[in-house]
S.K.: 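The following block contains the structure, expressed as structure tokens.
Just so you know, ligand 1 is whichever comes first in the structure, and atom 1 is the first atom listed for that ligand. Numbering starts at 1 and runs along the sequence shown.
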Amino acid sequence: VGRGAELTRKLLAFARRQRLSPAAIAPAALLADLGRMLERTLGEAVQVRISCDDRVPAVYADAVQLENALLNLALNARDAMPRGGRLAISASEEELGQRPEGSELPAGRYIRFTVADTGLGMAPDVLARAFEPFFTTKDAGKGSGLGLSMVYGFVKQSGGHLVADSRLGYGTTIDLILPLAANPASPPGMTTGAGLPRGSGTVLVVEDEAEVRDVAVAFLRGFGYDVLEAGDAEQALRHLHDSAPIALLFSDVVLGDGASGIELALSARRLRPGLPVLLTSGHELGNTTPHAFTLLRKPYRREELAAAAQAALHGNS
Ligand SMILES: Nc1ncnc2c1ncn2[C@@H]1O[C@H](COP(=O)(O)OP(=O)(O)OP(=O)(O)O)[C@@H](O)[C@H]1O
Ligand SMILES: [Mg+2]
């Protein structure tokens, strides 16, 4: 519940100025994670069924926002099943020959996520308005009426399409149709959750918050990198003055005590010309920082860090 609330809070906060960081995401891994979370969150009365073949290819979308969208749909489903019921979430690959009704999608291959419940359903007049911002049938203080409008906005911004079907008394099915990552239009070098690229070489991780640093270090070691750690710019500079080989500098932008990851990166480049640099920040700075260092937005998923580190190391960031 805590995680759900946190995701929802972030989505609300950023709804107006959302910067999507799409990447290739393996639907099976994403849904398995989501299923575990939902089983803990939705209570015993709701039976959660996840179905997704491991071979369903990667979708191209912002992982955090996609998870958030599916979570919003699942919470709506729970609310529509006050006495329990079944929630089925699935993903499959689909070839769209002609445009589905009302969409502007070009023909091609897509991933269709389906969230179906056996709840109260919606009357036609409710369904017609359900996607309007602030439209809610819930009691004051219960629903903001923003869930579905955010899902809709996310899907459209991601180059996808949404189909909703509901019958009063029978239940509701919502489909999110999103682009396939293997589309030639999406950037190369992206990876799936299942087949993360192995890393090699040493990454210098600079992060002032110990807990966040521990997570980054654990992820990077998991990918196969050796890791040097620093809790502040001074410590990082000591490593850079040493002769230890460093393949990549991965630093937070705001380092505490007024120190800046951007300044650190510039000093690192003076000490070690050409050193690959990847910066990370929770602030909205865009995809690059001043001086054109690549930026990984926080919070990031394991897959996103893997892809960003590879891209920085191989100079195609
Ligand atoms: N799965 C569903 N079954 C039945 N009705 C639904 C379902 N999903 C949405 N609705 C209807 O659409 C309305 C709008 O949904 P939306 O998610 O946008 O807002 P909300 O759930 O009311 O509030 P919020 O999500 O912001 O907390 C709901 O109030 C409900 O009437
Ligand atoms: Mg909702």
Side-chain angles (χ1 to χ4, degrees), residues 1-18 20 30-31 34-35 37-52 61-62 64-92 100-103 112-158 160-178:
V1 175
R3 182 151 172 243
E6 167 75 355
L7 284 167
T8 306
R9 189 188 58 74
K10 276 190 200 126
L11 187 60
L12 283 166
F14 284 123
R16 290 260 154 197
R17 22 178 288 160
Q18 183 159 293
L20 296 180
L30 180 95
L31 291 190
L34 182 72
M37 173 169 71
L38 291 176
E39 266 162 21
R40 288 195 306 265
T41 309
L42 298 186
E44 279 177 11
V46 176
Q47 281 176 43
V48 181
R49 212 186 68 214
I50 302 286
S51 47
C52 180
D62 183 307
V64 174
Q65 301 302 335
L66 174 56
E67 197 174 28
N68 216 335
L70 294 169
L71 179 66
N72 264 289
L73 296 178
L75 293 175
N76 281 349
R78 178 205 56 192
D79 294 343
M81 300 188 288
R83 271 169 287 146
R86 287 189 303 279
L87 169 65
I89 307 181
S90 62
S92 57
E101 208 182 325
S103 91
R112 180 189 289 262
F113 289 87
T114 300
V115 179
D117 66 59
T118 58
L120 302 168
M122 285 178 260
D125 60 314
V126 173
L127 180 58
R129 300 194 57 196
F131 293 87
E132 278 176 25
F134 305 112
F135 176 83
T136 181
T137 58
K138 293 170 189 170
D139 293 343
K142 283 244 169 100
S144 65
L146 284 173
L148 285 180
S149 44
M150 288 188 293
V151 173
Y152 182 83
F154 158 71
V155 170
K156 285 288 156 189
Q157 210 185 329
S158 304
H161 183 63
L162 186 150
V163 185
D165 186 31
S166 188
R167 270 177 69 202
L168 202 56
Y170 287 89
T172 301
T173 300
I174 310 252
D175 288 2
L176 311 184
I177 301 170
L178 290 166

S.K.: Counting C-beta onward and ignoring hydrogens, is there a side-chain heavy-atom pair between D79 and K142 closer than 4.5 Å?
M.R.: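 They are not in side-chain contact.
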S.K.: Specify the protein heavy atom at minimum distance from atom 17 (O) of ligand 1: its residue, its atom name, and the distance to 0.1 Å.
M.R.: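 Looking only at protein heavy atoms, the one closest to atom 17 (O) of ligand 1 is N76 ND2, 2.8 Å.
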S.K.: Ignoring hydrogens and angles, tell me if any N or O in the side chain of T118 forms a donor-acceptor pair with the backbone of R86 under 3.5 Å.
M.R.: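 Yes; at least one donor-acceptor contact below 3.5 Å.
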S.K.: On a heavy-atom basis, which atom in V163 and which in H161 lie closest, and how many Å separate them?
M.R.: CG2-CD2, 3.8 Å
S.K.: Report yes or no: does a heavy atom of G145 sit under 4.0 Å from some atom of ligand 1?
M.R.: yes
S.K.: Are any of the N/O atoms on K138, whether in the backbone or the side chain, positioned under 3.5 angstrom from an N/O atom of ligand 1?
M.R.: yes
S.K.: Heavy atom under 4.0 Å from ligand 1: found in L148's side chain, backbone, both, or neither?
M.R.: both
S.K.: Identify the protein heavy atom lying closest to atom 14 (C) of ligand 1, giving its residue, its atom name and the separation to 0.1 Å.
M.R.: F135 O, 3.3 Å
S.K.: Examine ligand 1 and decide if any of its atoms is less than 4.0 Å from a heavy atom belonging to L120.
M.R.: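 It does not; every heavy atom stays at 4.0 Å or beyond.
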S.K.: At their closest point, which heavy atom of F113 faces which heavy atom of L66, and how far apart are they?
M.R.: CZ-CD2, 3.9 Å
S.K.: Mark up the atoms of ligand 1 that fall under 4.0 Å of a heavy atom belonging to S144, in ascending order.
M.R.: 23 (O), 24 (P), 26 (O), 27 (O)
S.K.: If the test is side chain to side chain contact (heavy atoms under 4.5 Å, CB included), which one of D117, N76, T172, L120 qualifies with M81?
M.R.: D117
S.K.: I need the contact type for A80 against ligand 1. Using non-hydrogen atoms and a strict under-4.0 Å cut-off, is it side chain, backbone, both or neither?
M.R.: side chain
S.K.: Which atoms form the tightest heavy-atom contact between F154 and A61, and what is the distance?
M.R.: CZ-CB, 4.3 Å
S.K.: Please list the nearest protein heavy atom to atom 12 (O) of ligand 1 with its residue and the distance rounded to 0.1 Å.
M.R.: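 Going by distance alone, atom 12 (O) of ligand 1 is nearest to A130 CB, 3.6 Å.
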S.K.: Considering only protein heavy atoms, which is closest to atom 29 (O) of ligand 1, and at what distance to one decimal place?
M.R.: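 In this structure, atom 29 (O) of ligand 1 has T137 N, 2.9 Å as its nearest protein heavy atom.
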S.K.: Do you know which two heavy atoms are closest between I174 and A164, and how far apart they sit?
M.R.: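 Closest heavy-atom pair between I174 and A164: CD1-CB, 3.9 Å.
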S.K.: Could an N or O of ligand 1 be found under 3.5 Å from any N or O of S149, whether backbone or side chain?
M.R.: no
S.K.: Tell me, with the steps shown, if D165 and L127 meet side chain to side chain contact (heavy atoms under 4.5 Å, CB included).
M.R.: CA-CA 8 Å; D165 186 31; L127 180 58; 5.6 Å; no
S.K.: For the side chain of S158 and the backbone of G160, is there at least one donor-acceptor N/O pair under 3.5 Å apart?
M.R.: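 Flag not set: sc S158 to bb G160 has no pair under 3.5 Å.
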S.K.: Looking at atom 6 (C) of ligand 1, what's its closest protein heavy atom, distance included?
M.R.: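 For atom 6 (C) of ligand 1, the nearest protein heavy atom comes out as M122 CE, 3.5 Å.
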S.K.: Does ligand 1 have a heavy atom under 4.0 Å from the side chain of D79, from its backbone, from both, or from neither?
M.R.: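 No part of D79 comes within reach of ligand 1.
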S.K.: Considering both backbone and side-chain atoms of L146, is one of its nitrogen or oxygen atoms within less than 3.5 Å of a nitrogen or oxygen in ligand 1?
M.R.: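 Yes, L146 has an N/O under 3.5 Å of an N/O on ligand 1.
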S.K.: Strictly under 2.8 Å, is any N, O or S atom of N76 next to the Mg ion (ligand 2)?
M.R.: yes
S.K.: Search all heavy atoms of G143 against all heavy atoms of K138 and return the closest pair with its distance.
M.R.: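 Closest approach of G143 to K138, heavy atoms only: N-CB, 3.9 Å.
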S.K.: As an exercise, identify every atom of ligand 1 less than 4.0 angstrom from a heavy atom of G143.
M.R.: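 Listed by number with element, the hits are 23 (O), 27 (O).
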S.K.: What protein heavy atom is closest to atom 1 (N) of ligand 1, reported as residue, atom name and distance in Å?
M.R.: D117 OD2, 2.8 Å
S.K.: In ligand 1, which numbered atoms sit nearer than 4.0 Å to a non-hydrogen atom of T136?
M.R.: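 Near T136, the atoms of ligand 1 are 20 (P), 22 (O), 29 (O).
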